[in-house]
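For ligands, and for the atoms within them, numbers begin at 1 and follow the listed sequence. Computed over heavy atoms, backbone and side chain alike; hydrogens, waters and symmetry mates excluded.
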Amino acid sequence: MSKYYLTTPIYYPNARPHVGSAYTTIVCDVIARYRRMCGDEVAFLTGTDEHGEKLQRAAAAAGESPGDFVAAKRELFKKLWRDLNISEYKFVHTSQNPDHVRSVQWMLRQANKNGYIEKKEYEGRYCVDDERYISDGAEPANCDICGRPAELISEQNYFFKLSAFQERLLRLYEERPEFVRPDFRLNEVKSFVKSGLRDISVSRRRIKWGIPWPDDPEQVFYVWYDALTSYMTGIGFQSEDPARQAEFQKFWPADLHMIGKDILRFHAVYWPAFLMAAEMPLPKMVFAHGWIYYEADKMSKSKGNVVYPEPIVDALDSFGAPGNDALRYYLLREAPFGQDTSFSYDALIQRFNSDLANDLGNLVSRTVAMLHQFSAGSVPPAVSLKNQQGTIQLITAYQEAFERFDFSSALSFVWGLISEANKLIVQAKPWELAKSASAADQDKLRETLYITAQFLRVISVLLCPVMPISAKWIWKQLGQTRDLEDERIDDSLKFKFLEPATKVGKAEPIFPRLDKEATLAKLYELAEADMEQDKPKEASKPVQIGKPTDSSPTPSTESRVSTPESRVSTPESRAATPDSRIPTPAPSQISIEDFAKVDMRVGEVVSAEPVANATKLLKLMVDIGAEVRQVVAGVAEYYQPEQLVGMKVVLVTNLQPRKLRGVESNGMVVAASVGPEGRPVLATFKEDVPKGAKLK
Ligand code: MSP
C-alpha cells in the first residue's frame, strides 16, 4: 500500500465559499476517492488561511475581532464540504493554532540558520487585496493579479533571499518537469524564474493579525510564508502528539498540491525555495487548474454574479435528481481539466439530460428491469467473456486519463462503456430473444443479460470517485452488498465478474429527465433566495444568475452610458444613467487617491464597426500609444462608424474586461450623457494631444 498526500489551497475565510472554491475541493475529493480505490493510504488536507491584512479588514468591517470572525467563517467551509459529500479530510486553520506557530517559526529559524534571512529597509508598492508586493520603489503600479493600484509602503522588515535559489529552482524544473503541471504552466514558471528573482519580504510591521516573528515582537510573518507552511502543520508537523508526528513522517512530502492558476507562483517558486532553505523535502507536484467564470466573467460578489453550490444542489434534488453528483459530474466533464471554463445552468441541464438521464439512466433501468423480467430477478449464469478486449482497453484508458488528471477524458471512456452496453442491448433485442423457444436464443439472452450487467458492474466502480451516491445506487440495484468503496480500481477490475445467481435489487429510476424551463426557474429562484439571504441589507439587487442575456447586453459601464433601459437596476447603473429633468443628488466625495485609481488615456479610434445583433453597440479599436485596445461602446444610435475613425477620445484603461454580445471590451470610452434619453456625446480635445497621454 502506498501513501498519497494531497492538498487543496487553504481558503481565505473572508467570504462564503462559492462554486470556484468548491471546484478545487471537489476535484481533490475525486482524486482522494480514486486513490483510495487504487489501494493507497490517503491523507487529504484542506483548511482556512486566516491571517493577513485582508482578514483583519474584513473582521473590522463586520465589527468583530479577527479571531471570532475567522472562527465563524471557518465553519461555513466545513458545512459546505459536508453538503458536497466531501470524503474524509483533515482541516488545518492557521490562526489560534500553536502547532502552526511552531511550524512557521521552525521553518524561519532553519532558513535563518542557513543564511537566507536578512533585515533591511523596504519601500515599495503593495497590493492589499492580494497581499503581495508589486514593485520596488515609489513609482505608482497596479497589481498584475487584480489590476488595482498598489499602495506605497515603507518599512524595516525581514527578507528571504529568493534570488539565491534561481539556479536550484531552474534545475528542479529541468530534472523534475512533473513538479509543475500542466506543461504550459511549467513554461510560465520557468520564464518567470529565468527573468530573475528578487528577494522577498517575509515579515510585516503594519499588520498585527499574524504569526509573531521569533525574537522581534514588532513583526508578524508575511501571510504566504505562514499559509504555505500549513501544508506541513496539517499533517502533524511540530505537533506535540507523537501519533501526529508519525503521520507527518509518513505523509510528507506531499504528492500533490492542487491549486488555481492565480496562485501558481507562490506554490511553484516561493514554496520550493522556502523548503530548500529549511532543508525539507519538496512536494512531488503542483497542479494549477483553470478558473470557473460566469458567462466568461470573473465571479465577484460586488457584481452579484457569484454562483454558490448549495442552491444548485437543492434545485436538482427537488426534482429527485442527485444534485450533488450532478454538479460534480458537470464540473469534471464539461471542460478539459486545467483550462478555464464558463459555468452555465443551460449546459448543466443539457449534460444531465443527455449523459445522466439518457445514456446512463436508461442503461441502468433497462438492465435491471430485464434481469427481473427475463432472468427471475437474478444474475444469469456466467458466460465466457470472449470479447473483453474493448472493455479492458477502455478501463486502461480511464486509468491513464485519471493518472494525468484528465477527468473529462476519463469520464468519456466510462461513457464509451455505457454506449457499448446500450449498443449490445439494441443489437441483441433481449425482448425478442425471450419470446423464442430456441436454445441458441435462450443462450444469447442469458449472455446479453450477463454482459450488460457486467458492464454496469464496471461502470459503477469507475464512476464511484466522481459520483459516489449514484454509483452506490447502481451497485445496490445490481444486488451488490459489499461496500463499493472497497472495490479496487486496478487491473483486478478487468477480471472481476458478477457472481451468477445474485439477486438484483428493485429497479429504481436514478436520473429523472429534467424539464429545462422548470429546472431553470427553480435554479434562479433558489439562487436568488440564497443571495438575498446572504447579502448585506443595503446591497444592490443581484444579477439574475444564469438567466439568458438575449434581450440586452450584460450591464456594463459601456452599456450604462447609452442603454438606460438596462434591465438590471443597481444603484450604480441608476447613477450612471442620469435623467437631466431630475435633480441628481450630489455625488459622495472621494479622495484624490480614489480618483487616481482610474487610469484614463488619450486614444485615437483606428477602426469602428457595428456589433452583430446589437443595434446600440460599436466595436472600436483605440490606439492608446503603447497598444491598440478593443472596446465596445453603446454609441451606435448616435454615431456612424466613419465619424469616429481618427477621433481622439478618452479611454478608461483599467476596467476589468467584459463581454458584450460575445465581444470583449477592454476599457470604456468616456461620454457625457445628455438629455432625458441619455444621448452619449463622446469627450474629445480641442488641441492636438498625443496618444497615450494620461488624464489627471
Ligand atoms: N489563501 C490563498 C491560498 C493559500 S494556499 C497555501 C488563496 N485563497 S482563496 O480563497 O483566494 O483561493 C483559494 C483557491 O480558490 C485558489 O486556488 C483559487 O484559484 C481558487 N478559486 C477562487 N475562485 C475560483 C474560480 N472562480 N474558479 C476556480 N478556482 C477559483 O488564494
Side-chain angles (χ1 to χ4, degrees), residues 6-28 45-55 58 70 73-74 76-77 80-81 91-95 97 100 103-104 107 127-132 143 145-146 185 202 209-211 221-235 254 256-272 274-275 283 286-301 303 305-309 327 330-332 334-335 337-344 545 656:
L6 81 164
T7 63
T8 73
I10 55 167
Y11 298 98
Y12 291 127
N14 55 340
R16 187 183 149 196
H18 53 63
V19 93
S21 340
Y23 183 54
T24 323
T25 305
I26 289 175
V27 165
C28 284
L45 182 78
T46 186
T48 39
D49 183 359
E50 302 180 344
H51 286 132
E53 185 153 358
K54 193 145 78 176
L55 280 153
V70 296
K73 286 277 190 291
R74 194 187 292 157
L76 296 179
F77 286 81
L80 181 62
W81 306 151
F91 194 96
V92 65
H93 59 89
T94 55
S95 75
N97 180 345
H100 188 55
S103 295
V104 175
M107 286 287 285
C127 173
V128 175
D129 282 286
D130 291 301
E131 275 155 349
R132 46 200 295 269
C143 173
I145 289 180
C146 68
R185 298 281 177 214
V202 286
W209 180 238
I211 293 197
F221 277 84
Y222 169 47
V223 71
W224 273 99
Y225 197 91
D226 154 359
L228 289 160
T229 307
S230 74
Y231 293 141
M232 289 159 61
T233 316
I235 44 150
L256 172 67
H257 293 313
M258 182 61 77
I259 56 165
K261 62 179 184 179
D262 54 318
I263 53 175
L264 178 60
R265 200 177 291 174
F266 300 103
H267 284 79
V269 182
Y270 292 13
W271 182 223
F274 294 163
L275 289 166
V286 171
F287 192 109
H289 63 65
W291 264 44
I292 301 187
Y293 291 88
Y294 178 70
E295 290 189 344
D297 198 359
K298 192 169 171 176
M299 289 186 212
S300 120
K301 214 166 169 178
K303 283 187 223 152
N305 69 351
V306 183
V307 179
Y308 292 108
L327 178 63
Y330 166 75
L331 290 174
L332 269 83
E334 193 64 9
F337 189 64
Q339 309 286 325
D340 291 338
T341 177
S342 203
F343 185 92
S344 131
I545 297 294
Q656 289 173 344

How far does CD1 of Ile259 sit from NE2 of His289, to the nearest 0.5 angstrom? 8.0 Å
If you define the side chain from C-beta out and look only at heavy atoms, does anything of Pro283 sit under 4.5 Å from Tyr231? no
With sequence neighbours left out, the residues meeting side-chain contact (heavy atoms from CB on, under 4.5 Å) with Ser21 are Tyr11, Pro17, His18
What are the atom names and distances for all N or O pairs under 3.5 Å between ligand 1 and the protein?
unit_1: ligand 1; atom_1: 1 (N); unit_2: Ile10; atom_2: O; d: 2.8
unit_1: ligand 1; atom_1: 1 (N); unit_2: Asp49; atom_2: OD2; d: 2.7
unit_1: ligand 1; atom_1: 10 (O); unit_2: Tyr12; atom_2: N; d: 3.1
unit_1: ligand 1; atom_1: 17 (O); unit_2: Gly260; atom_2: N; d: 2.8
unit_1: ligand 1; atom_1: 19 (O); unit_2: Asp262; atom_2: OD1; d: 2.5
unit_1: ligand 1; atom_1: 19 (O); unit_2: Trp291; atom_2: NE1; d: 3.1
unit_1: ligand 1; atom_1: 26 (N); unit_2: Ile292; atom_2: O; d: 2.9
unit_1: ligand 1; atom_1: 27 (N); unit_2: Ile292; atom_2: N; d: 2.8
unit_1: ligand 1; atom_1: 29 (N); unit_2: Gly20; atom_2: O; d: 3.4

Looking only at heavy atoms, what is the nearest atom pair of His51 and Val223, with distance? O-CG2, 3.4 Å
ring-ring contact (aromatic ring centres under 6.0 Å, His included) partners of Tyr225, counting only residues at least two apart: Phe221, Phe274
Residues which pass ring-ring contact (aromatic ring centres under 6.0 Å, His included) with His93, listed by chain and number, not counting sequence neighbours: none
